[in-house]
Amino acid sequence: MKKILLATALLLAAMTARSQDYTIPVTNINQHGYPHIMPDLSLQFVMRAPDANLVQVDICGVKYDLSKDEKGVWTGSTAPQVPGFHYYSIVIDGVSVADPASESFYGCSRMMSAIDIPEAGCEDFEVKDVPHGQVRELRYYSKVTNSWRPVFVYTPASYESGKKTYPVIYIHHGGGEDHRGWVEQGRTANIMDNLIAAGKAKEAIVVSVNSNVPGRGGYSKEGMSAYASELTENIIPFIEKTFRCKKDAKNRAMCGLSMGGGQSFYIGLPRPEVFRNIGIFSSGIFGGIQGQSIDLEKEVPGMLSNTQGFNKGLDVFYISCGEQDPRISHTKKYTDQMKAAGVKVYFNSFPGDHEWQVWRKSFHEFVQKIF
């Protein structure tokens, strides 16, 4: 225990970097100390762990060994990283722990350290000098789980004044995450504030849900049936009772990443009477995880056999994926199949793997097309 406590102590804020040409990530606690982002986008770590035998940095499964000096200080660098948000862990003699020098985020089904590498051209993900909306954490009662459940709700800057009603976006996280993901990792409020201020997106309420509802599970209509009931019978009525919302399908959107994209496919697409705007980001429903395939017509009756009717039930149907994501070729295959049948679907891809920078860009584009 003593070894682990020493090894997981705060990174050495008082130490001076060998090179002053670096960036301090916004995800560092108190904005000082290590890690540093170097000019080539490699990451530099310094940690004091005198009793440890091996210290590593684990970034999404890729481990980098640190070197120990005579004072018990471990230093080292990673390979250059792509811009965006990266979960990482410190591995001390085989024990994986969060880095106390970093903010922690719920991802990969645990609290994880993370580092956010800025990207040119993505200023809409940052806080700007524009009117800012509010993010509220609320609790609603679920008759599906018989428990109180959390939800985050973004309201635009204009919400506090006047009696205007707003369209609503129900946004969904991926597996191993929860309602905090889109607000914290996804920077949803910044994106909405900046696009609304620029006149590029309609003012809207964004509801970031916790879709981890006990049930059969799995990427299927049956596996997601419990959450379908949760969303339509509990979450939407709660939001429309609590906030000034437009209460018609044309003014509702459902979108999500990975698992949340699958939920948007299986729950949103077959319900044009509930949602007229659907966004699916990096979903594994099309394949790329276990090589599975789906029958589009079977999963969403009428998509291919009654394309005209299917199109009439949607205002926006949007699909995206990262260009280095193993899901990309499968997603393109099924998107091409939809287009060949006459489905009005918009597809885009962004540089990156299965990661938050791709999903931020996806939401940034999707929200400019709806309402």
Side-chain angles (χ1 to χ4, degrees), residues 8 10-11 17 22-47 55-66 74-92 96-126 173-178 180-188 190-191 257-260 281-282 320-328 349-364:
T8 58
L10 289 174
L11 298 181
Y22 60 82
T23 301
I24 296 177
V26 296
T27 37
N28 281 20
I29 291 177
N30 295 327
Q31 291 297 286
H32 59 68
Y34 290 85
H36 290 162
I37 303 170
M38 306 310 291
D40 65 352
L41 301 189
S42 63
L43 307 176
Q44 186 179 60
F45 289 83
V46 175
M47 170 170 286
V55 176
Q56 299 169 302
V57 175
D58 183 344
I59 302 180
C60 298
V62 179
K63 294 180 180 178
Y64 300 91
D65 292 348
L66 304 187
W74 296 80
T75 61
S77 298
T78 71
Q81 304 294 309
V82 298
F85 184 95
H86 302 274
Y87 293 118
Y88 76 92
S89 298
I90 303 297
V91 184
I92 312 295
S96 180
V97 297
D99 183 351
S102 165
E103 296 285 353
S104 292
F105 303 84
Y106 183 68
C108 307
S109 299
R110 53 169 279 197
M111 295 307 295
M112 295 282 289
S113 306
I115 191 164
D116 213 329
I117 303 174
E119 180 178 0
C122 294
E123 290 76 19
D124 279 345
F125 303 164
E126 310 299 330
H173 58 83
E177 296 166 342
D178 64 12
R180 291 170 284 187
W182 273 107
V183 172
E184 296 177 359
Q185 293 97 301
R187 300 194 179 180
T188 303
N190 292 352
I191 292 171
L257 68 92
S258 196
M259 180 183 77
F281 316 148
S282 305
S320 67
C321 194
E323 292 167 2
Q324 285 70 50
D325 193 321
R327 298 157 184 78
I328 184 69
S349 62
F350 302 97
D353 202 324
H354 203 63
E355 55 191 318
W356 273 105
Q357 198 75 342
V358 170
W359 305 326
R360 292 168 176 173
K361 292 177 181 178
S362 298
F363 178 71
H364 183 268

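- Taking the centre of each ring, F125 and F85 stay at or above the 6.0 Å mark.
- D58 meets the side-chain hydrogen bond (donor to acceptor under 3.5 Å, both in side chains) test with no other residue; sequence neighbours excluded.
- Rounding to the nearest 0.5 Å gives a distance of 4.0 Å between CZ of R360 and CG of D116.
- In this structure, F363 and L257 have side chains that are not in contact, with every pair of non-hydrogen atoms separated by 4.5 Å or more.
- Ring-plane geometry between H36 and Y22 is classed as parallel, the angle between the planes falling under 30 degrees on a 0 to 90 degree scale with a further cut at 60.
- Under the side-chain hydrogen bond (donor to acceptor under 3.5 Å, both in side chains) criterion, H354 pairs with S258, D325, R327, not counting sequence neighbours.
- Within the 3.5 Å criterion, the main-chain N or O of G352 finds a donor-acceptor partner in the side chain of Q324.
- Using modelled atom types, one side-chain atom of Q81 and one backbone atom of A79 make a donor-acceptor pair closer than 3.5 Å.
- The closest side-chain heavy-atom distance from T27 to F105 is below 4.5 Å.
- Note that OG1 of T75 is 12.0 Å distant from CE of M47, once rounded to the nearest 0.5 Å.
- Within the 4.5 Å cutoff, no side-chain heavy atoms of P39 are placed close to those of T23.
- Not a single side-chain hydrogen bond (donor to acceptor under 3.5 Å, both in side chains) links N28 to another residue, sequence neighbours left out.
- Side-chain atoms of I90 and V57, non-hydrogen and from C-beta on, do get closer than 4.5 Å to each other.
- Donor-acceptor pairing under 3.5 Å is recorded for the side chains of Q185 and Y87.
- Contact annotation: the side chain of Y34 never approaches that of L43 to less than 4.5 Å [non-hydrogen atoms, C-beta and beyond].
- When the options E119, E355, E323 are evaluated for a salt bridge (Lys or Arg N to Asp or Glu O under 4.0 Å) with K361, the one that passes is E119.
- The shortest distance between side-chain heavy atoms of V358 and S282 falls below 4.5 Å.
- With a 4.5 Å cut-off on side-chain heavy atoms, L41 and P83 count as touching.
- Proximity of a side-chain donor or acceptor of S113 to a complementary backbone N or O of D99 within less than 3.5 Å is detected.
- Rounded to the nearest 0.5 Å, atoms CD1 (I191) and CD (E126) are 10.0 Å apart.
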task: For side chain to side chain contact (heavy atoms under 4.5 Å, CB included), just list the numbers for R187 and C122, CA-CA rounded to whole Å, side-chain angles, deciding distance to a tenth of an Å, and then say yes or no.
output: CA-CA 11 Å; R187 300 194 179 180; C122 294; over 6 Å; no
